[in-house]
Each structure stands twice: as structure tokens, then as C-alpha cells.
Amino acid sequence: MNNAKAILVAAAFGLFSISTAKAGKVSSSVNIHLPKELSRPSGYDHREALFGIPPYGGSIQQNVIYAGTNDMCSATTNNDWKSPFILMVDRGSCSFVQKVRNAQHAGAAAVIIADNTCQCKHDKICTPEPDAICEEHEPIMADDGSGYDITIPSVLLFKQDADPIKEVFSKKHTVRIELGWSLPNPDGHVEWDLWTSPTDYVTTKFKSEFKAAVVALGSAATLTPHMYVYDGLAAKCRNEEGTSDCMNLCTNVGRYCAADPDNDLNYGISGADVVGESVRRLCLWKLYGDDGIGLEWWNYIEAFQDTCDTSLLFMRDDCIKLAMLEAGVDYDAVQQCVLNNGGLDEPEENVLLQQQLDDKEANGIVIMPVVYVNGVAVRGQLEFATIFKAICSGYALGTEPNICTKCSNCSDEKTCVNIGKCPISDGTVEQSTFLASMASIVLFFSAIGVGCYVRQQRIMKDQVRGMIKEYMPLDMSQQNNDGTALEQDDDDDDAQGTFT
């Protein structure tokens with residue numbers, strides 16, 4: 001098989017895996033507050049988009065605007081739409097991402113896609129459009145690869161639920177809907193899964209930064225990392241002769257494969273190199289990840305990204321050994337683990353890689369990278385703040401680790417985790433600093449007051465002393481005169497007495 005054919009086989013399998021994927025668990029709720037007759041105690045069945053950033057632990061309740069004949073496939077400048085609002089728009093004509101992006105630019109806080117095609121499984125409750133054929137498979141609101149800029153959430157309502165809402169709009173009545181997001185939070189422990197690959201450069205920054213959060217969460221959160229590989233046998237990479245038709249995309253004679261990150265089968269990193277690095281990381285976790293934290297795993301990924309993540313060094317054993325040495329990992333133990341689980345050269349199964357294929361199928365993984373928290377896929381970009389908030393939302397009320405209490409509502413969660421407290425925003429002053437400043441001001445003015453009081457007392461005393469000095473001579477003179485007169489009177493008395 002030539003190079004082009006090998007690449008086409010891999011690409012074809014990628015499309016196949018998306019079309020047959022299972023729908024994931026729903027972590028959101030949809031309910032109608034107005035009109036009251038459309039409200040349901042258990043909410044409405046719906047499907048979440050695999051893009052956008054939902055407010056986990058929160059909700060959006062707004063009046064709904066129906067776009068009507070505007071399919072939102074192009075930008076709109078309708079001035080009648082006053083934010084905030086939830087926009088309902090019909091499915092069709094362009095991608096889900098394009099519709100939601102244009103709605104976001106128009107000021108929508110969230111988007112509801114109204115399905116206009118019945119699902120075959122809903123044939124008893126859904127009224128199809130004339131001459132319309134039902135769909136066998138549910139639509140998946142997947143990212144088309146450009147949804148990184150979308151920050152608002154969106155969901156899809158099935159036709160049988162969307163049609164009554166449209167009827168209310170036709171009567172010009174108000175519709176008010178609440179969209180809520182939560183994660184299963186049964187107790188004080190969270191389990192989260194990370195699906196990625198060694199050449200998943202979208203998550204390079206995340207994997208470098210999130211180690212601090214993993215350490216801070218400690219034993220309250222357990223990670224299970226997964227490596228994304230695809231099934232070479234299903235992609236027909238192994239021919240009838242028992243050899244591989246997919247050249248260097250696969251290991252185990254065409255059984256486990258990965259895309260060529262260089263798009264060049266004759267140069268740089270091959271798909272087989274990616275599979276090899278994937279199984280090393282799985283073994284590393286098997287050896288060092290029993291605590292659910294796997295500090296050595298994170299250290300190795302960081303060291304590998306810094307040292308070996310180039311087209312020339314990615315597959316070199318000497319570079320891999322150096323990265324493991326820096327991370328405190330036993331290279332020989334990792335290599336022995338790879339061999340003990342089936343190796344990469346034989347046509348038989350590798351236990352660890354086969355487990356990844358089984359888990360991928362069981363969880364309906366349709367996009368990578370992705371994080372699951374307590375079994376529910378986290379929507380939005382794989383960023384520090386998004387995943388940290390999602391994990392913290394997965395604890396039962398009152399059981400959150402201290403780091404969640406301190407940092408999940410900060411404006412900068414990453415800095416908070418790194419320093420142990422919310423950072424000070426521009427233009428604001430920390431409470432302790434404010435109190436210390438106020439105390440300093442009080443002490444300063446108190447000292448001035450005491451000084452003024454002492455000075456005033458000293459002045460008053462000086463004035464009193466001056467007055468005493470001024471009038472004391474006169475008093476003494478008067479006292480002397482009075483004394484002489486008394487002496488004379490005494491003499492007269494004595495003389496008078498003598499004469500008698």
C-alpha cells in the first residue's frame with residue numbers, strides 16, 4: 001500500500017469512529033418556566049454541544065428569542081435583540097459551531113438548536129415534516145475544529161419538544177427557559193479521566209500547568225489518564241497475508257495505530273512512534289499512579305515536552321531516558337512493563353493498548369482531547385480554569401477540599417492554586433492590607449494628637465509658672481508689712497500691761 005492509501009485508511013477510520021460514537025452522558029438540564037403549561041418536573045430531553053464553556057454549578061435563565069427564518073449561518077446585526085437572551089435557532093444549512101458563534105456575536109447568553117428532523121426511535125411522538133425521512137442516529141453537536149473561540153453553551157432539543165415552543169412564539173407569547181449545569185457529586189471524592197495523546201499539542205500548556213492543581217487537590221481527586229489510539233484491524237491496516245498495509249502508522253503488525261503528526265510518512269515522528277510513547281506513559285501510570293495523583297507521570301510529561309518533543313528527538317531512547325531520569329522514573333521498569341503487557345512488535349494484543357480501545361468504545365469518545373469528571377464529559381476548551389471548576393463542582397456540598405473553597409470562584413484560579421489564595425485584582429486592595437493601612441493611619445493621627453496634647457499642657461504649665469513668678473514678689477512684700485505691724489501691736493500690748 002502506498003503512502004497516500006495509508007493516510008486515506010487512517011482518515012476514513014477517523015470519520016467512521018465519529019459516525020458510530022455513542023451519545024455521552026448529559027450533565028445539564030433544560031426546563032421551561034413560561035408558559036407554565038410547558039414546564040416539566042424532570043425537564044426536557046436534550047443533547048449538549050461538545051464546544052462552548054458551560055457555567056458548571058450554575059444556570060442561565062432568560063427569555064428566549066426565536067430566530068425564525070434566520071438560520072444564523074451568517075452574522076446578524078438585529079438591533080431588536082436586547083441582551084441577555086437565549087436564542088433558539090433551527091438546525092440545518094450550516095454547522096452547529098457556525099450558528100452558535102454568530103449567536104454569540106449577536107449577544108446571546110446561550111443557544112438552543114431546534115431539531116427539525118424526527119429521530120426514528122421517536123416515531124410515535126414526533127410529527128415529521130412532509131416527505132421527510134427520520135434519522136437513525138442522533139445528531140452530535142461536535143466541534144468542527146474551529147470552536148475554540150466559543151464561550152457560550154448550547155444544547156439541542158428534539159423536534160417533538162421544539163415544535164410546541166415554536167407554536168408559542170407564533171402566538172407572540174413569552175417563553176422563558178432555564179439551562180443548568182452540574183456534575184454528579186455523590187461524595188467528597190472526585191474521579192476524573194483525561195483523554196489525550198503524546199502529540200496532542202492542544203493540551204501541552206494544560207499538562208504543564210495542571211500538575212499544581214493535582215497536587216493541591218491531593219487524594220480528594222483521582223485521575224485516570226487515557227491515550228487515544230485507533231483500531232488498526234477495524235481500519236483494515238492488517239492485510240490477509242498478516243502484514244501491515246499502513247506502513248509506519250501502526251504497531252503490533254497493524255493492530256494499534258495513530259495519525260502521523262508530521263503528515264509525512266518518510267520523515268520525523270511516525271504513528272508507530274506515537275503509539276510507542278503512548279504505551280510508555282500508560283506503563284508509567286501503572287507503576288507510579290496508584291495514588292491517583294501520579295506526580296512522576298506529570299513530571300515525566302513536563303520533562304519530555306521540554307527535552308524530547310521535536311521531530312528528531314521524540315523517538316530517541318537516549319532522550320527518553322534523560323526525561324525519565326529528570327522525572328525520577330525507572331526507565332528499565334517502564335520498558336519491562338511494555339514487554340510484559342504484550343510489547344509492540346508481535347501481532348498479538350498489547351493489554352494496555354487494547355484497554356484504551358475498549359474504553360474509547362465504551363465511553364463513546366468522539367473528540368480528543370476530552371476530560372470526564374465523575375463520568376460526565378466536560379465541555380469547552382481544555383484549560384486550567386475550566387477543568388479546575390469542573391472538578392470542584394463534582395464534590396458533594398460541604399465536602400470540597402480547601403483549595404476549591406479558596407480558588408474555584410477566583411478571577412484567576414491558576415494563580416490562586418499556585419500561591420494558595422486569590423490574587424489581588426487591579427485596582428483592589430487585599431483586606432489585610434486595607435486593615436493594616438487603616439491601623440497605621442489611626443496610630444499616626446493618635447500620635448499627633450498625643451503630641452499636641454502634651455505640648456499644650458507644657459505651654460499651660462509655663463504660663464502658670466510665669467504668672468506665679470510675676471505676682472509672687474508683691475505677695476511677699478505685703479506679707480512682710482503685715483508682720484511688722486503685728487510686732488508693733490504686740491509691743492504696745494506688753495507696755496500697756498506693764499503700766500497697769
Subject >> For the student: nearest non-hydrogen atoms of Trp181 and Pro55, plus distance >> reply: CE3-CD, 3.5 Å
Original post:
Which atoms form the tightest heavy-atom contact between Glu48 and Ser28, and what is the distance?
Top reply: CG-OG, 3.2 Å
Original post:
Taking the side chain from Asn252 and the backbone from Arg255, do they hold a donor-acceptor pair closer than 3.5 Å?
Top reply: no
Subject >> CD on Glu349 to CG on Leu233, rounded to 0.5 Å >> reply: 8.5 Å
Subject >> More than 12 heavy atoms of other groups within 6.0 Å of Glu240 CD >> reply: no
Subject >> Atom NZ of Lys166: over 12 foreign heavy atoms under 6.0 Å >> reply: yes
Original post:
Quick one: does Ile177's side chain get under 4.5 Å of Ile112's, heavy atoms only?
Top reply: yes
Subject >> Lys207/Glu302 salt bridge by N-O under 4.0 Å criterion >> reply: no
Original post:
Are Lys236 and Asp245 close enough for a salt bridge, meaning some N to O gap below 4.0 Å?
Top reply: no
Subject >> Sidechain N-carboxylate O distance under 4.0 Å for Lys159, Asp163 >> reply: yes
**OP:** Would you confirm whether Thr203, through its side chain, and Asp200, through its main-chain N or O, come within 3.5 Å as a donor-acceptor pair?
**Re:** yes
Subject >> From CG (Leu223) to CG (Leu194), nearest 0.5 Å >> reply: 6.5 Å
Original post:
What's the shortest heavy-atom distance between Ile320 and Phe314, and which atoms?
Top reply: CD1-O, 4.0 Å
**OP:** Could you tell me whether the side chain of Tyr395 and the main chain of Ala220 form a donor-acceptor pair under 3.5 Å?
**Re:** yes
Subject >> Main-chain N/O of Asp332 paired to Asp330 side chain as donor or acceptor, under 3.5 Å >> reply: yes
Subject >> Reported CD1-to-CG distance for the pair Ile113 and Asp90, which is rounded to 0.5 angstrom >> reply: 8.5 Å
Original post:
How about Cys126 and Cys134, are their SG atoms within less than 2.5 Å of each other?
Top reply: no
Original post:
What's the verdict on side chain to side chain contact (heavy atoms under 4.5 Å, CB included) for Ser197 and Met368, showing C-alpha distance, side-chain angles and the deciding distance?
Top reply: CA-CA 8 Å; Ser197 82; Met368 192 273 298; 3.9 Å; yes
**OP:** Evaluate the criterion side chain to side chain contact (heavy atoms under 4.5 Å, CB included) for residue pair Ser208 and Gln305; output intermediate values, then yes/no.
**Re:** CA-CA 9 Å; Ser208 297; Gln305 289 177 171; 2.9 Å; yes
Original post:
Just by distance, do the side chain of Asn374 and the backbone of Pro184 share a donor-acceptor pair under 3.5 Å?
Top reply: yes
Original post:
Is there a donor-acceptor pair under 3.5 Å between the side chain of Asp358 and the backbone N or O of Glu361?
Top reply: no
Original post:
Do the numbers put Lys414 on top of the ring of Phe388, so that NZ or CZ is under 6.0 Å from the six-membered ring centre and no more than 45° off the axis?
Top reply: no
**OP:** Report yes if some heavy atom in the side chain of Ile365 is under 4.5 Å from a heavy atom in the side chain of Val370; otherwise report no.
**Re:** yes
Original post:
Between the side chain of Trp192 and the main-chain N/O of Ala390, is any donor-acceptor distance below 3.5 Å?
Top reply: no
Original post:
What do you reckon, is NZ of Lys286 surrounded by more than 12 foreign heavy atoms closer than 6.0 Å?
Top reply: no
Original post:
Going by an N to O cut-off under 4.0 Å, is there a salt bridge joining Asp231 and Lys360?
Top reply: no
Subject >> Reference residue Val373; test side-chain contact (heavy atoms from CB on, under 4.5 Å); the match among Leu183, Asp193, Asn185 >> reply: Leu183
Original post:
Under 2.5 Å between the SG atoms of Cys237 and Cys250: is that the case?
Top reply: no
**OP:** Find out if the SG atoms belonging to Cys407 and Cys416 lie under 2.5 Å from one another.
**Re:** yes
Subject >> Cys246/Cys257 under disulfide (SG to SG under 2.5 Å): CA gap, chis, key distance, verdict >> reply: CA-CA 9 Å; Cys246 290; Cys257 309; 5.4 Å; no
**OP:** Would you confirm whether Asn102, through its side chain, and Met72, through its main-chain N or O, come within 3.5 Å as a donor-acceptor pair?
**Re:** yes
Subject >> Separation of Ser74 OG from Lys99 NZ (nearest 0.5 Å) >> reply: 10.0 Å
Subject >> Residues Lys121, Glu138: salt bridge by 4.0 Å N-O rule >> reply: yes
Original post:
side chain to side chain contact (heavy atoms under 4.5 Å, CB included) between Tyr331 and Gln335: does it pass, once the steps are laid out?
Top reply: CA-CA 6 Å; Tyr331 172 83; Gln335 291 299 96; 3.5 Å; yes
Original post:
Is it the case that more than 12 heavy atoms not belonging to Asp345 sit under 6.0 Å from its CG atom?
Top reply: no
Subject >> SG(Cys404) to SG(Cys392) below 2.5 Å >> reply: yes
Subject >> Distance in Å, Asn248 CG paired with Asp273 CG, rounded so as to fall on 0.5 Å steps >> reply: 7.5 Å
**OP:** Decide if atom OH of Tyr201 counts as having more than 12 heavy atoms of other residues, nucleotides or ligands within a radius under 6.0 Å.
**Re:** yes
Original post:
For the atom pair CE (Met315) and CG (Asp317), what is the distance rounded to the nearest 0.5 Å?
Top reply: 10.5 Å
**OP:** Check for a donor-acceptor pair, side chain of Thr307 on one end and backbone N or O of Ala303 on the other, with a separation under 3.5 Å.
**Re:** yes
Subject >> NZ or CZ of Arg281 within 45° of Phe304 ring axis and under 6.0 Å >> reply: yes
**OP:** Check Asp187 against Thr399 and note the closest heavy-atom contact, atom names and distance.
**Re:** O-OG1, 3.5 Å
Original post:
What's the verdict on ring pair (Phe, Tyr, Trp, His ring centres under 6.0 Å) for Phe158 and His46, showing C-alpha distance, side-chain angles and the deciding distance?
Top reply: CA-CA 7 Å; Phe158 294 113; His46 63 285; 8.8 Å; no
Subject >> Crowding at CG, Asp144 (>12 non-hydrogen neighbours, <6.0 Å) >> reply: yes
**OP:** For side chain to side chain contact (heavy atoms under 4.5 Å, CB included), just list the numbers for Tyr256 and Tyr230, CA-CA rounded to whole Å, side-chain angles, deciding distance to a tenth of an Å, and then say yes or no.
**Re:** CA-CA 6 Å; Tyr256 307 109; Tyr230 69 82; over 6 Å; no
Original post:
Which atoms form the tightest heavy-atom contact between Asn350 and Gly343, and what is the distance?
Top reply: ND2-O, 2.9 Å
Subject >> Minimal non-hydrogen separation, Thr251 against Ala272, with atom names >> reply: CG2-O, 3.8 Å
Subject >> Salt-bridge present (Glu129, Arg91; N to O < 4.0 Å) >> reply: no
Original post:
Is there a donor-acceptor pair under 3.5 Å between the side chain of Asp262 and the backbone N or O of Ile269?
Top reply: yes
